[in-house]
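What follows is a single structure, written as structure tokens, with notes after it.
Note that the structure is predicted; figures quoted are calculated from it, not measured. Excluded from the calculations below are hydrogen atoms, water molecules and symmetry mates; all remaining heavy atoms, backbone and side chain alike, are included.
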There are 2 protein chains.
Amino acid sequence: MNYKNHVTRLSQYKSVLQRLVKSGIEKTYAESISKHIGIPATQIRKDFSLFGIRGNKRGGYNVLELLEELKINLGLNRDLPFILIGYGNLGKALARYHGFHEGCVRIIAAFDPKVGVLSSIPPIPVYPPASISAFLKDNPVKHAVLAVPDDVAQSMFDELYAEGIRGFINFSTIALNVPEDAYVNNVDLELELETVIYYTKESNNKTK
Amino acid sequence: MNYKNHVTRLSQYKSVLQRLVKSGIEKTYAESISKHIGIPATQIRKDFSLFGIRGNKRGGYNVLELLEELKINLGLNRDLPFILIGYGNLGKALARYHGFHEGCVRIIAAFDPKVGVLSSIPPIPVYPPASISAFLKDNPVKHAVLAVPDDVAQSMFDELYAEGIRGFINFSTIALNVPEDAYVNNVDLELELETVIYYTKESNNKTK
DNA sequence: AGATTGTCGTGATTATTGTCACATAATTAT
DNA sequence: ATAATTATGTGACAATAATCACGACAATCT
């Protein structure tokens, strides 16, 4: 299954389910998940169906079981360390980002010319870029967060790819040249703000 | 026109065009834009057609003119101030985010219980949340960046909405309850990382 | 036990989005 | 001047995604 929207929704479901678990709720329904995130209940059931997730006829879904299924489908049922490349403002913010501590994603080390220890919880060490190769020899990490300036993004990417990293999230604004067997998720924050502007232009005040 | 993907692509085109302008390039073609961002040339032309952007038969597009057209369509041809709510790690990173200084988006003030002046370029003042209302009386801002903890996101949203803000970008992980006439772009950073994980699962090593 | 209700699961249908093929126009070459 | 070339622009088509309608089934009620 290759469709980005499905994966995004699955991840949203997971997020809701985690909140339900925290509130001690044990059972839920497509209809109530729908209330939380505004996705039609029928779409939710269709997604579950597509990914082979089954509920109980009439009884809804067991929250813990459903969460586990979602994690399996998302590939989050294992330990998933990331390394963070670039410890500027954005890198720092990501390392400290609260959301991650509650989820499944873990940043285990950062690399930046300016070394030190990040005071996040748990603390994340910052190593010089030259030590990336050695670090990856000892730590078989497969995912990296690229939060470096545009002008070094491609060369950092190439180096990480050569070291075996295959999954990337790229915060630089340039489009990377990416081999077939790697996956890059580009997150362009300015673009996200611009989307907001578009949808609030007077001329677009129709429905959405 | 209401289709999110189109707007996202338009914004990508704009980004490429800005880079071309900086390099002093004056003329471009659907085919060469395609090379930069990996979107098929025919898709690019179709998008332009949809938004009424015309090129020159055989002659391609004049870079400056095209950029201007894109900005008009995106609503970026005017001054577009944002206020930033929440000056934690993420808020700080956004305020200092390099990309914004080159683009059209401008954060003119931040609000956080911890006041001060952000040392970005240009410097951004940080005011207490209680002064939001007064600030908006003097500064007719219509867009806000919500970078506050989950538990206050909805109440902050409600307050800003009451003050007339209609365009939001929301970095909290909860789904906000949003009136019909407001637009919220939710950016969930953990979800973005999880997408990377999904696409690099061994079982999904097909094409993409 | 049998009827009733509530919720899931999914094939059929509709809507949206992307791709293709080709007509059209401008430029260059002969 | 005419032909050849190279882009654009767009209607027709194909692929993808979302919604709907309804059947199945478990739980509850009488």
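- Residues A:I174 and A:Q154 come closest through the heavy atom pair CD1-N, 4.3 Å.
- For the pair A:Q43 and D:dA17, the criterion of a side-chain N or O lying under 4.0 Å from OP1 or OP2 is not met.
- Residue A:M156 comes nearest to A:L146 through the heavy atom pair CB-CD2, 3.9 Å, listed as atom of the first residue, atom of the second, then distance.
- For a distance-only test at 3.5 Å, the side chain of B:K46 fails to qualify as a donor-acceptor partner of the base of D:dT10.
- Between A:Y29 atom OH and D:dA26 atom P the separation is 16 Å, expressed in whole Å.
- Taking atom CZ on B:R45 and atom P on C:dA25, their separation rounds to 16 Å, with Å as the unit.
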Go through it in stages, so that I can follow the logic: the residues are A:E194 and B:K14, the test is salt bridge (Lys or Arg N to Asp or Glu O under 4.0 Å), and I'd like the CA-CA distance, side-chain angles, deciding distance and then a yes or no.
CA-CA 11 Å; A:E194 290 180 0; B:K14 193 218 66 179; 2.4 Å; yes

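- Here the P atom of nucleotide D:dT8 and the CD atom of B:E65 are 14 Å apart, to the nearest Å.
- Residue A:R9 places at least one side-chain N or O under 4.0 Å from the OP1 or OP2 atom of D:dA18.
- Residue contacts for A:A30: at a heavy-atom cut-off of 4.0 Å it reaches the sugar-phosphate backbone alone, with no base atom in range.
- Remark: C1' of C:dG18 and CD1 of B:I37 are 15 Å apart, rounded to the nearest angstrom.
- Taking the centre of each ring, B:F168 and B:Y161 stay at or above the 6.0 Å mark.
- At a non-hydrogen distance threshold of 4.0 Å, A:K57, A:R58 from residues 52-63 of chain A come into contact with DNA chain D.
- When the P atom of C:dC8 is taken as reference, atom OH of A:Y13 falls 12 Å away, rounded to whole Å.
- Atom P of nucleotide C:dG18 and atom CG of B:N5 are separated by 5 Å, given to the nearest angstrom.
- Between B:Y87 and B:F111, the gap from one ring centroid to the other reaches at least 6.0 Å.
- B:D47 has its CG atom 12 Å from the C1' atom of C:dT19, to the nearest Å.
- The interatomic distance linking A:H6 (NE2) with D:dA15 (C1') rounds to 13 Å, in whole Å.
- The aromatic ring centres of B:Y127 and B:F135 sit less than 6.0 Å apart.
- Dashed line: the shortest gap from a side-chain N or O of A:S49 to OP1 or OP2 of C:dT10 is under 4.0 Å.
- Annotation: A:Y183 is not in aromatic contact with B:Y198 [ring centroid separation under 6.0 Å not met].
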